[in-house]
Amino acid sequence: MSFVSEKHLLSKTSFLKSVQCSKAFFLYKNHYQLKDPLPKEKQAVFNRGYQVGVLAQNLFPGGVDVSPTHVAKFNDSVKKTKELIEQGQKVIYEAAFVHDGVLIALDILVNEGGKWYAYEVKSSLKISAAYVMDAALQYYVLSNNINLEDIYLVTMNDKYILQDSLDVQALFRIKSVKEDAEKNVDFIKYHIQQAKNTIDKDVLPKVEIGEKCFAPYQCDFYGTCWKHEPTNNIFEFSGISKKQAQVWFEKGFKTVYYIPEEELTGKTKLMVQSYKNHSEIIDKPALQKFYAKIKYPLAFFDAEMYAPAVPQYKGTTPFEAMPFLFSWHSLANDNEQPVHDYFFQEENSYAGKALLDKLIVQADKVNNILVFDTAQELKALSAVVKHFPEYKKQIDALKNKFIDFSDVFTNLWYYHPLTKGSMSLKKIYESVFGKSIFDDLPIKSGLLASYKYDDYLKEPDLFAKQELKTNLVEYCKTDTQAMYDLFVYIKVAIL
Ligand code: SF4
């Protein structure tokens, strides 16, 4: 077991950065302050991962946690791990080891019959390539320190259904990844050496931007690297896949202006032409047909989902999407202003029945319900009906009233050039009206709304709780307001 000087130390995070891009790795090691601010959503994902990791410790109770008191005190954790192993400790949480200049901390290390078993916990239903790479690095360091028999990834079990109490053993799924880890040892060694070379050269590597800036994750130095790139850079055009953008970028077509006409086909061609000509696409016949089928009274509907990794309510599964809030703007006819209403689940209990009751009452008053991307809402309603099959008939009738407003945009019946191919409601709104109505909101995305609802449920302070509720309701309301505004805008455009 070895210790290393900080200068040559690679952590799991910095190693993975090095594999993605040597420049990102160099910046991470030498100019950490240039890192993009961590989005609230990403922070929430980290927090959830930490909580799931702590819960998974119950799979192997009685362990000793050797997490460092500060990120700079990793050597204390390495030392403590070594001592505990020598003392015969059977279970260690956050066990830390160093080999070949790489420091790793493992979620759970277990000794059974004199052999060591490693467990890395992921707050996810699936094992991704990035997780396997992660485990391969740990395997390399661990097997050079201890007699490691096997290494496992611990993920959430999608078949688990919560009963009266949480069964931690059944909640998680454990899969050996030793074979994959062994296959990757040469790859790991090669990239460790590459990372060390980057440190030793001590010069910012010259790396061109490209597809790698987005995979497997968007690079933390995106803001620094891309700040001088033109806004019409080909990679920023959502209507072009990153893979295709890379091909064109390498051919020298660095902005959409340079892509030759003959290289473009289908919707991409129309979107690029729209961008070059600074002109909207308005397919009047298709839009007139779309608007003609809408019958008043009409409603604009949007629901927010809560999908906790660990099921909270009896009968639910890990990550089951549960609607907890919906916004409803109803419109009697073209001459009226829309009227807002909403449902919000205040109690920490499954919202299903109360939500369905209110939705059915509201839906009875209208002929059509406009939804932006019905797939999500239909999936959520189907999940609720699974728990309350007696509502199936009414919900099926309600679903028949749904009209997907996103069809207008995905079919390019209406397209705004400044969306650059994005089909997100927020981007479309901002492009059409020249400003965002979401910017001033404390909650700006559905993902963050889901995490904030979790905060709401746990918040003991009544004032803070009320503020979270207000912010959540306002966010969802803004979604249906944005739909209404766009609905009117396009309707006027085709008069
Ligand atoms: S933004 Fe791209 S080129 Fe720049 S450091 Fe990150 S991955 Fe490398």
Side-chain angles (χ1 to χ4, degrees), residues 6-46 49 71 101-104 128-137 184 187-259 419-422 424 427 444-445 447:
E6 191 159 354
K7 180 166 166 40
H8 284 83
L9 184 76
L10 294 171
S11 66
K12 194 172 73 179
T13 308
S14 64
F15 171 81
L16 293 175
K17 281 216 163 19
S18 170
V19 174
Q20 184 171 358
C21 171
S22 57
K23 185 177 176 184
F25 171 69
F26 183 90
L27 290 171
Y28 184 81
K29 292 293 287 181
N30 298 296
H31 302 281
Y32 190 81
Q33 75 285 1
L34 295 178
K35 226 169 142 251
D36 295 338
L38 190 65
K40 286 180 187 167
E41 287 84 348
K42 223 170 164 182
Q43 182 62 56
V45 171
F46 289 154
V71 71
V102 183
L103 165 82
I104 59 119
S128 68
Y131 294 164
V132 173
M133 168 97 73
D134 201 344
L137 180 70
N184 279 298
F187 176 89
I188 297 290
K189 282 187 188 167
Y190 170 80
H191 279 283
I192 291 172
Q193 192 50 52
Q194 291 296 104
K196 287 178 179 171
N197 292 347
T198 304
I199 293 174
D200 288 342
K201 273 189 200 152
D202 209 16
V203 187
L204 180 69
K206 282 195 173 62
V207 178
E208 193 144 37
I209 57 161
E211 194 184 2
K212 71 172 142 333
C213 306
F214 306 92
Y217 309 107
Q218 178 158 317
C219 176
D220 289 336
F221 297 96
Y222 180 86
T224 299
C225 258
W226 286 67
K227 67 179 172 219
H228 298 305
E229 291 298 321
T231 54
N232 54 11
N233 181 293
I234 198 160
F235 287 102
E236 302 236 355
F237 204 87
S238 315
I240 297 172
S241 73
K242 297 288 182 270
K243 203 172 160 60
Q244 179 62 68
Q246 182 70 35
V247 173
W248 282 334
F249 191 81
E250 283 170 14
K251 284 185 180 177
F253 315 147
K254 298 198 173 181
T255 77
V256 287
Y257 284 103
Y258 293 110
I259 308 169
T419 60
K420 291 190 266 183
S422 168
S424 109
K427 184 69 184 171
K444 297 182 181 59
S445 75
L447 183 59

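Counting convention: from 1, in listed order, for ligands and their atoms alike.
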For residues Ile199 and Phe25, determine if any side-chain heavy atom of one lies less than 4.5 Å from a side-chain heavy atom of the other. yes
Checking Asn197 against Gln193 for the side-chain hydrogen bond (donor to acceptor under 3.5 Å, both in side chains) test, could you report, in this order, the C-alpha distance in whole Å, the side-chain angles of both residues, the deciding distance, and whether it holds? CA-CA 6 Å; Asn197 292 347; Gln193 192 50 52; 3.0 Å; yes
Could you give me a count of protein N/O/S atoms that are under 2.8 Å from atom 2 (Fe) of ligand 1? 1
Determine whether Thr13 and Tyr28 satisfy the following criterion, side-chain contact (heavy atoms from CB on, under 4.5 Å), listing intermediate values before the conclusion. CA-CA 10 Å; Thr13 308; Tyr28 184 81; 3.7 Å; yes
From Ile234 atom CD1 to Phe237 atom CZ, the distance as rounded to the nearest 0.5 Å: 9.0 Å
Residues Lys42 and Asp220 bridged, charged N to O under 4.0 Å: yes
Tell me, do Ile192 and Leu137 make a side-chain contact under 4.5 Å, heavy atoms counted? yes
